[in-house]
Structures are given as structure tokens and as C-alpha cells.
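A short worksheet on the structure shown next.
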Amino acid sequence: MPRGTLIVFEGLDRCGKTTQTRLCVEGLSRTGVKLAAGLPWRFPDRTTPIGEVLNTYLTSKTELGDEAAHLLFSANRWEKAATIREALGRGETVVYDRYAYSGVAYSVAKGLGMEWCLAADEGLPRPDVVVFLEVGVDEARGREGFGGERFEEAETQKRVGAVFDRLKGEGWSVVEGSGRMEEVAERVKAVVWPVVQAVTGRDDEVG
Ligand code: DGP
Ligand code: NA
Ligand code: NA
């Protein structure tokens with residue numbers, strides 16, 4: 001049995017990631033690809049005990065040192081690692097709204113070392129494709145809800161964007177995130193579907 005595909009969406013706050021992640025799942029479900037239950041999955045997963053701490057941190061109700069925050073975000077991913085591996089092993093495709101790259105980008109933007117940050121996530125299931133939704137900070141800023149949480153000011157977002165630029169590499173697909181959401185979804189489909197086909201061995205048209 002072919003394994004499932006691990007698809008990850010990354011980007012700055014308010015880049016449309018959550019909408020595009022959902023549309024991607026809807027598109028995949030129409031193709032008949034076997035999907036994990038309850039997609040999209042997201043990090044931080046605020047439903048776990050560690051996730052609850054992260055939620056109070058992000059909404060600025062608690063303070064944490066940068067290193068402690070980094071390791072908690074990473075631990076939040078590690079507590080799901082076995083679940084992800086099991087789903088992929090059952091042939092189920094998994095779609096994530098944020099993954100370890102956000103962890104590194106936000107922490108390095110705060111001044112922590114790149115190597116130190118990367119080390120905490122080393123060994124997590126490796127994504128087959130990272131869809132990076134590229135949206136300028138000024139555009140993201142104009143979107144509804146921007147500015148509500150800890151890292152959502154323009155200066156932070158610019159620094160986070162610069163770290164993402166350093167992380168972009170093999171397996172990354174940068175997708176222009178501005179424009180109508182249906183147009184963006186088409187661009188996403190064009191990069192995701194070939195990967196799903198390659199991993200699962202399907203060769204039919206996108207549904
Ligand atoms: P979201 O729920 O996708 O809006 O993410 C909440 C905020 O948390 C957002 O500003 C990005 C930030 N974030 C997400 N993952 C991590 C991480 O692993 N480490 C750090 N430091 N910040 C993260
Ligand atoms: Na956010
Ligand atoms: Na979001």
C-alpha cells in the first residue's frame with residue numbers, strides 16, 4: 001500500500017493560509033485520495049495540554065522566555081509525531097496549517113540561533129511538499145484580524161519573512177497568495193497534485 005502524502009502550508013500571519021489549507025483539503029477529498037480524519041490539522045494544536053499553554057502565551061496572558069516558548073512549540077509537534085506517522089503509514093494524506101518551519105521562523109526572528117532552533121524539530125516526519133503562501137506584509141496587515149496576537153505586528157512579520165526566505169529550499173513551492181481565493185487555490189492545486197500523484201502513484205486528472 002502506498003503511504004500518504006504529508007502536505008504543509010506555511011506563511012506569515014494573515015497570508016490566507018488557513019483558507020487555502022481548507023480549500024486544498026476540499027479539493028483533495030473530491031479526487032478520492034485517502035485522507036486522514038479531521039483535516040486540516042494545524043500547529044500550534046491548541047487542544048493539547050501544551051497547546052493550552054501556548055494559547056495563553058499567544059494571547060499574551062502568560063509570559064515565557066524565548067527558549068522555553070520555542071521548545072514548547074516544538075514539543076507540541078512532537079506530541080503529534082506518532083499520530084502523523086501512523087496516518088501516513090495507513091496510506092492517509094495529511095495536510096497541515098503550519099509546521100516546524102514556523103517554529104524556526106518565529107523564534108529566529110526573536111533572536112534565537114538557527115541551528116539551535118532547527119535541532120528541536122529534527123526527526124519529525126518530513127513533509128513531501130511545503131506550500132509557502134507569499135503575501136507582502138503590507139497586504140497581510142490590511143486583512144481582517146491582523147494585529148490581535150503576540151507576533152502580529154508588521155516589524156515582527158518582516159523579520160519572520162526574512163527567516164522563511166532562508167528556509168526556502170528543496171521541497172518548497174512558493175505560491176503567490178494575492179488575488180481571489182479561487183485563483184490562489186488553483187495555483188496551490190498545480191503544485192500539490194503532482195506531489196500527491198508521485199507519492200501515491202495515481203496518475204488521473206485533478207477532480
Ligand atoms: P496561527 O494559529 O496559525 O495564527 O499561529 C499563531 C501564532 O503563533 C502565529 O503568530 C505564528 C506563531 N507560531 C506558530 N507556530 C509557531 C512556532 O512553532 N513557534 C513560534 N515561536 N511561533 C509560532
Ligand atoms: Na495568527
Ligand atoms: Na492563520
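All ligand and atom numbering here is 1-based and tracks the order in the structure.
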**Fill in**
The ring pair (Phe, Tyr, Trp, His ring centres under 6.0 Å) partners of Tyr101 (sequence neighbours excluded) come to Trp172

**Prompt:** Between OG1 of Thr200 and CD of Gln197, what distance do you get to the nearest 0.5 Å?
**Reply:** 7.0 Å

**Request:** Mark yes when over 12 heavy atoms from residues, nucleotides or ligands other than Glu182 sit less than 6.0 Å from its CD; otherwise mark no.
**Result:** yes

**Fill in**
Atoms of ligand 1 under 4.0 Å from any heavy atom of Gly103, numbered from 1 in the order shown, are 17 (C), 18 (O), 19 (N)

**Request:** Check if Arg42 has a non-hydrogen atom at a distance under 4.0 Å from any atom of ligand 1.
**Result:** yes

**Prompt:** Does Glu149, backbone or side chain, put an N or O under 3.5 Å from an N or O of ligand 1?
**Reply:** no

**Message:** Working note: Arg14 + Glu152, criterion side-chain contact (heavy atoms from CB on, under 4.5 Å); need CA distance, chi angles, decisive distance, verdict.
**Reply:** CA-CA 9 Å; Arg14 309 290 155 180; Glu152 296 185 346; 3.7 Å; yes

**Request:** Measure up the Tyr99 and Phe43 rings against each other and bin them: parallel (under 30°), tilted (30 to 60°), perpendicular (over 60°).
**Result:** tilted

**For Ser107, atoms of ligand 1 separated by under 4.0 Å from a heavy atom** = 21 (N)

**Path from Val131 to Val196 over hydrophobic side-chain contacts below 4.5 Å** = yes

**Asked** In Å, rounded to the nearest 0.5 Å, how long is the span from CG of Leu64 to CG of Leu71?
**Response** 10.5 Å

**Asked** What do you reckon, does Asp97 have a nitrogen or oxygen under 3.5 Å from a nitrogen or oxygen of ligand 1?
**Response** no

**Asked** Is there a side-chain contact (heavy atoms from CB on, under 4.5 Å) between Phe73 and Ile50 once you walk through the steps?
**Response** CA-CA 8 Å; Phe73 277 105; Ile50 292 169; over 6 Å; no

**Asked** Where does Thr18 meet ligand 1, judged by heavy-atom distances below 4.0 Å: at the side chain, the backbone, both, or neither?
**Response** neither

**Item:** Contact atoms of ligand 1, heavy-atom distance to Asp13 under 4.0 Å
**Value:** 4 (O), 9 (C), 10 (O)

**Prompt:** So, the side chain of Asp128 versus the backbone of Leu6: is there a donor-acceptor pair under 3.5 Å, distance only?
**Reply:** yes

**Arg77, portion touching ligand 1 at heavy-atom distance under 4.0 Å** = side chain

**Request:** Would you kindly specify which portion of Glu152 sits under 4.0 Å from ligand 1, judged on non-hydrogen atoms: side chain, backbone, both or neither?
**Result:** neither

**Asked** So, does Ser74 use its side chain to make a donor-acceptor pair with the main chain of Ala120 at under 3.5 Å?
**Response** yes

**Asked** Heavy-atom contact under 4.0 Å between Ala69 and ligand 1?
**Response** no

**Message:** Taking 4.0 Å as the limit for heavy-atom contacts, which would you say applies to His70 with ligand 1: side chain only, backbone only, both, or neither?
**Reply:** neither

**Request:** Enumerate the atoms of ligand 1 whose separation from the nearest heavy atom of Pro44 is less than 4.0 angstrom.
**Result:** 5 (O), 14 (C), 15 (N)

**Asked** Has ligand 1 got any nitrogen or oxygen that is less than 3.5 angstrom from a nitrogen or oxygen of Arg98?
**Response** yes

**Prompt:** Which is closest to atom 8 (O) of ligand 1 in terms of heavy atoms, Leu72, Leu58, Asn76?
**Reply:** Leu58

**Asked** Which bit of Arg46 gets closer than 4.0 Å to ligand 1, counting heavy atoms only: side chain, backbone, both or neither?
**Response** side chain

